[in-house]
Amino acid sequence: MLGEKKWIRKATASMFSVLFMVVSYSMVGMAIYHFVTALQSDEQFVTGIIRSINDLFIALATYELSVGIFKEYRGKGDEDIGLIWSIRRTVTRFVSVVVIALVLEGLILVIKYSQLDMAGNLFYPVAVVISASILLVALAVFLHWTRQEPETDN
């Protein structure tokens with residue numbers, strides 16, 4: 001019975017890992033498409049570059065999620081360091097990518113709105129940067145609360 005549960009867990013983890021990897025590769029393809037489209041159109045150059053950068057950050061986040069799922073539920077290397085330590089490492093990697101994406105999105109929006117003389121809309125990028133800051137503080141609190149040395153069997 002326990003072997004069946006382990007097999008189902010590994011199969012499900014592999015399925016989700018592959019699914020997120022396919023989404024990641026699809027987003028890379030969309031980034032290339034947006035970049036090429038931006039190069040061909042002078043009017044939409046900045047918008048196309050911004051879209052391609054956004055697509056690449058989404059691709060990176062889904063890739064990190066895919067790798068994290070595979071390592072946590074399918075991999076064999078982290079079984080000896082403990083569940084909390086393993087989750088701590090995965091969450092830190094994923095949230096770091098999301099925070100970087102949010103901050104860059106906020107900066108890109110500031111540049112876009114300043115180029116288009118839309119200073120009245122600057123509260124959107126400010127809200128994005130504040131959200132990224134709150135997420136970073138929440139990550140710091142999570143890391144503080146889960147601070148412990150990995151337990152190994154010696």
Side-chain angles (χ1 to χ4, degrees), residues 8-79 81-147 150:
I8 291 172
R9 178 180 163 198
K10 286 185 176 189
T12 305
S14 297
M15 179 189 67
F16 278 111
S17 183
V18 167
L19 180 67
F20 282 117
M21 193 64 71
V22 167
V23 170
S24 179
Y25 288 144
S26 299
M27 292 307 296
V28 169
M30 288 300 297
I32 293 169
Y33 171 76
H34 285 138
F35 184 76
V36 170
T37 304
L39 290 177
Q40 294 173 351
S41 170
D42 291 336
E43 301 147 5
Q44 300 295 326
F45 181 73
V46 174
T47 305
I49 297 299
I50 291 170
R51 282 185 184 160
S52 64
I53 290 171
N54 288 340
D55 291 341
L56 288 173
F57 274 108
I58 293 169
L60 181 60
T62 53
Y63 174 79
E64 279 292 329
L65 189 59
S66 173
V67 169
I69 288 172
F70 186 80
K71 287 177 88 177
E72 295 304 318
Y73 296 105
R74 182 87 176 125
K76 298 176 178 85
D78 294 342
E79 293 174 358
I81 65 170
L83 180 63
I84 298 296
W85 190 258
S86 182
I87 290 172
R88 185 177 195 247
R89 220 178 26 201
T90 301
V91 167
T92 303
R93 267 197 325 255
F94 181 72
V95 171
S96 298
V97 170
V98 171
V99 166
I100 291 168
L102 284 173
V103 168
L104 285 175
E105 178 72 20
L107 293 175
I108 288 170
L109 284 173
V110 166
I111 293 168
K112 181 180 178 182
Y113 288 152
S114 66
Q115 286 179 345
L116 299 175
D117 292 327
M118 299 174 67
N121 292 332
L122 284 178
F123 60 90
Y124 292 120
V126 168
V128 170
V129 171
I130 289 172
S131 299
S133 302
I134 292 170
L135 186 58
L136 190 60
V137 169
L139 176 64
V141 169
F142 170 76
L143 291 175
H144 178 72
W145 285 346
T146 59
R147 183 178 46 194

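We use all heavy atoms of the structure for the numbers below, so side chains are in, but hydrogens, waters and symmetry mates are not.
No side-chain heavy atom of Leu139 sits under 4.5 Å from any side-chain heavy atom of Val99. Side-chain contact between Val98 and Leu135 is present, with heavy atoms from C-beta onward closer than 4.5 Å.
In Phe142, the CZ atom is crowded: over 12 heavy atoms of neighbouring residues, nucleotides or ligands sit closer than 6.0 Å. When the shell of 6.0 Å around CZ of Arg51 is examined, it contains 12 or fewer heavy atoms from other residues, nucleotides or ligands.
Of all non-hydrogen atoms in Phe35 and Ser52, the two that sit nearest each other are N-CB, 4.0 Å. Closest non-hydrogen pair, Ala132 versus Val103, comes out as CB-CG2, 3.7 Å. For the residue pair Ala38 and Ile49, the shortest heavy atom distance occurs at CB-N, 3.9 Å.
Put simply, CG on Leu102 and CD1 on Ile130 are 12.5 Å apart, with the number rounded to the nearest 0.5 Å. Residue Met30 holds its CE atom at 8.5 Å from OG1 of Thr37, rounded to the nearest 0.5 Å. Here the CG-CD1 distance, from Leu107 to Ile53, works out to 11.0 Å after rounding to the nearest 0.5 Å. Distance check: Tyr63 OH to Phe94 CZ gives 14.5 Å after rounding to the nearest 0.5 Å. Atom CG of residue Leu60 and atom CG of residue Leu65 lie 11.5 Å apart, to the nearest 0.5 angstrom.
Remark: the backbone N or O of Phe20 is not paired with any side-chain donor or acceptor of Ser24 at under 3.5 angstrom. Side-chain atoms of His144 do not come within 3.5 Å of backbone N or O of Ala140 as any donor-acceptor pair. Ser66 places no side-chain N or O within 3.5 Å of a backbone atom of Thr62 that could act as its donor or acceptor partner.
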